[in-house]
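Structure first, commentary second.
Each chain gets a letter, A, B and so on, in the order its sequence line appears, and its residues count up from 1. These numbers were taken from a predicted model, which means no experiment stands behind them.
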Amino acid sequence: MPEGHTVHRLAATFGDLFLGSRVSLSSPQGRFAAGSALLDGHVLVASEAYGKQMFLGFAPQPEAVPTEELRWLRVHLGLYGAWTFAGDPATAVVHAIGAPRKRVGERETVLAGGGGISSGASASPAPGDWEPPAPRGAVRVRLESEHACADLTGPTACEVLTTPEARAVQRRLGPDPLRPDSDPGRFVEAVVRSRSPIGVLLMNQEVIAGVGNIYRAEALFRAGQNPLAPGITVSREVVLDIWRDVAELMADGVRTGAIVTTRPEDRSRGEGLPDVGAPRRLARQNTDAEPGAVAREDSFYVYQRDGLPCRICRTPIALSVMATRNLFRCPTCQP
DNA sequence: AATAGATGCCAAA
DNA sequence: TTGGCCTCTATTT
């Protein structure tokens, strides 16, 4: 269950692991057999994220190929999609999973050896002898190089596109706060010209690309903004502040692999506030066990904290539904 | 064993 | 607004 920060990490991971390498593609599950065949044996020459979508560029040979002639694998993880990586022991440790999967001990690392999640006992093979682990579950696509492999499960979109087709997809997306070339003004104008609630606009990928349900809820809380307010009623200044805040939060997310929107002083473990309670459902963070990582129950102001007291004013967090998704809000702090 | 639910999104009504 | 899709995990029976 990724928002944009996860996809940007994934694109970076593919760059680390496969850029410049010839890769084989297969579809262990079978549902992407035709697409895999189109790219099988090609060289990865580009790895990019636009909002929640990742584009991997392939060329038939390593020699320079005009951009117009590349083939692109477009992957959108949707709600459940995930990538898992494995690599030989010599391969640098990298990061990134899509959907959080709480298997004991799982981290954002490349799994050395053939054993999958907890490869454990078996002696590491010599780098040259590395064999990728057997696919686990319904693997739509496997990318495999000499030293690493990546398995995709459960994507909402996975297809091969030409360059113009890929561009057409990208053009329909709003500015992505994680891309340096993005124009905040496009976001601001789209919001202040719309009668839709700002809580809907933030989830609209044509308005801003990469924001999902957590960043929506948290950014609106941090702005003290009622999600129901029509965009047209919000000042440009406030909208621009929201852009800047989201950009910073998401950049943190890329760095750490986890969404953390609380300021240290607002976390229950910190000074000051008495324990404000754990959520009843334990959503997962990729970095739970990481030393220094912020615990999941301290990471958010409102997301999945319905019924719990607001960290600032103690009013119970309210839950409703907006744009088909759960919306969390503090009725007092976000009037 | 069965079900609910998840950081998403589309098409049909 | 609703149903459908994709997959896996945690919770409930």
Side-chain angles (χ1 to χ4, degrees), chain A residues 1-10 27-32 35 49-54 74-84 96-106 108 116-117 135-142 151-159 169 172-174 176-178 196-197 199-221 246 249-250 252-254 256-261 278-288 296-297 299-306 319-328:
Chain A
M1 309 138 195
E3 300 193 24
H5 69 299
T6 304
V7 182
H8 280 260
R9 290 194 125 217
L10 285 165
S27 180
Q29 170 209 52
R31 294 186 50 178
F32 193 62
Y50 284 80
K52 297 173 187 170
Q53 313 199 33
M54 183 173 69
R74 178 180 82 97
V75 173
H76 191 314
L77 293 175
L79 208 48
Y80 328 102
W83 285 100
T84 11
I97 311 172
R101 313 158 144 210
K102 188 75 166 194
R103 290 182 190 137
V104 177
E106 180 167 352
E108 289 195 334
I117 299 305
R136 302 187 69 169
V139 174
R140 185 78 58 89
V141 192
R142 165 169 284 195
D151 285 351
L152 172 65
T153 55
T156 202
C158 174
E159 61 179 352
V169 172
R172 302 187 64 249
L173 296 171
D176 175 347
L178 288 173
S196 298
V200 170
L201 294 168
L202 273 174
M203 291 285 281
N204 182 342
Q205 301 300 298
E206 297 182 20
V207 172
I208 182 169
V211 171
N213 205 23
I214 298 181
Y215 284 122
R216 162 177 79 164
E218 295 295 310
L220 289 171
F221 177 87
V246 159
L249 291 173
M250 292 182 77
D252 288 346
V254 173
T256 64
I259 303 179
V260 175
T261 62
R280 46 196 92 52
R281 286 186 305 280
L282 269 216
R284 291 128 297 179
Q285 292 269 83
N286 291 336
T287 49
D288 275 346
R296 192 276 170 199
E297 62 265 28
S299 293
F300 309 131
Y301 284 105
V302 292
Y303 178 73
Q304 283 198 348
R305 296 195 67 249
D306 48 303
L319 167 64
S320 58
V321 172
M322 177 183 270
T324 78
R325 312 297 297 282
N326 284 337
L327 174 69
F328 304 88

Using atom [atom1] in both nucleotides, what's the gap between [N] and [M] to the nearest angstrom?
{"N": "B:dT7", "M": "C:dT1", "atom1": "C1'", "result": "23 Å"}
{"N": "B:dA13", "M": "C:dC5", "atom1": "P", "result": "14 Å"}
{"N": "C:dT13", "M": "B:dG5", "atom1": "P", "result": "12 Å"}
{"N": "C:dG3", "M": "B:dA4", "atom1": "P", "result": "14 Å"}

Given C:dT7, is OP1 or OP2 found less than 4.0 Å from the side-chain N or O atoms of A:Gln29?
yes

Does a side-chain N or O of A:Tyr80 approach OP1 or OP2 of B:dG8 to a distance below 4.0 Å, or not?
no

Taking the minimum atom-to-atom distance to the side chain of A:Asn213, which one of B:dA6, B:dG8, C:dT7 wins?
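When the side chain of A:Asn213 is considered, B:dG8 is the closest of B:dA6, B:dG8, C:dT7.
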
Integer-rounded Å distance: [N] [atom2] and [X] [atom1]:
{"X": "A:Asp252", "N": "B:dT7", "atom1": "CG", "atom2": "P", "value": "21 Å"}
{"X": "A:Leu77", "N": "B:dA6", "atom1": "CG", "atom2": "C1'", "value": "13 Å"}
{"X": "A:Leu202", "N": "B:dT7", "atom1": "CG", "atom2": "P", "value": "16 Å"}
{"X": "A:Glu3", "N": "B:dA6", "atom1": "CD", "atom2": "P", "value": "13 Å"}
{"X": "A:Arg140", "N": "C:dC5", "atom1": "CZ", "atom2": "P", "value": "13 Å"}
{"X": "A:Leu79", "N": "C:dG4", "atom1": "CG", "atom2": "C1'", "value": "13 Å"}
{"X": "A:Trp83", "N": "B:dT7", "atom1": "CH2", "atom2": "C1'", "value": "18 Å"}
{"X": "A:His5", "N": "B:dT7", "atom1": "NE2", "atom2": "P", "value": "13 Å"}

Listed pairs, N/O of protein and of nucleotides 9-13 of chain B, under 3.5 Å:
unit_1 : atom_1 : unit_2  : atom_2 : d
B:dC9  : OP1    : A:His76 : NE2    : 3.2
B:dC9  : OP2    : A:Lys52 : NZ     : 3.1

For A:Trp83 and A:Val141, the nearest pair of non-hydrogen atoms, with its separation, is CZ3-O, 4.5 Å

Judged by atom type as modelled, is there a donor-acceptor pair below 3.5 Å linking the side chain of [X] to the main-chain atoms of [Y]?
{"X": "A:Arg31", "Y": "A:Ser27", "result": "no"}
{"X": "A:Thr261", "Y": "A:Ser299", "result": "yes"}
{"X": "A:Asp151", "Y": "A:Arg136", "result": "no"}

Pair A:Lys52-A:Leu173, side-chain contact (heavy atoms from CB on, under 4.5 Å): steps then yes or no
CA-CA 10 Å; A:Lys52 297 173 187 170; A:Leu173 296 171; over 6 Å; no

Run the side-chain contact (heavy atoms from CB on, under 4.5 Å) test on A:Gln53 and A:Gln205 for me, step by step, so that the C-alpha distance in whole Å, both residues' side-chain angles and the decisive distance to 0.1 Å come before the verdict.
CA-CA 11 Å; A:Gln53 313 199 33; A:Gln205 301 300 298; over 6 Å; no

Test log, rule side-chain contact (heavy atoms from CB on, under 4.5 Å), inputs A:Phe300 and A:Ile259
CA-CA 8 Å; A:Phe300 309 131; A:Ile259 303 179; 3.8 Å; yes

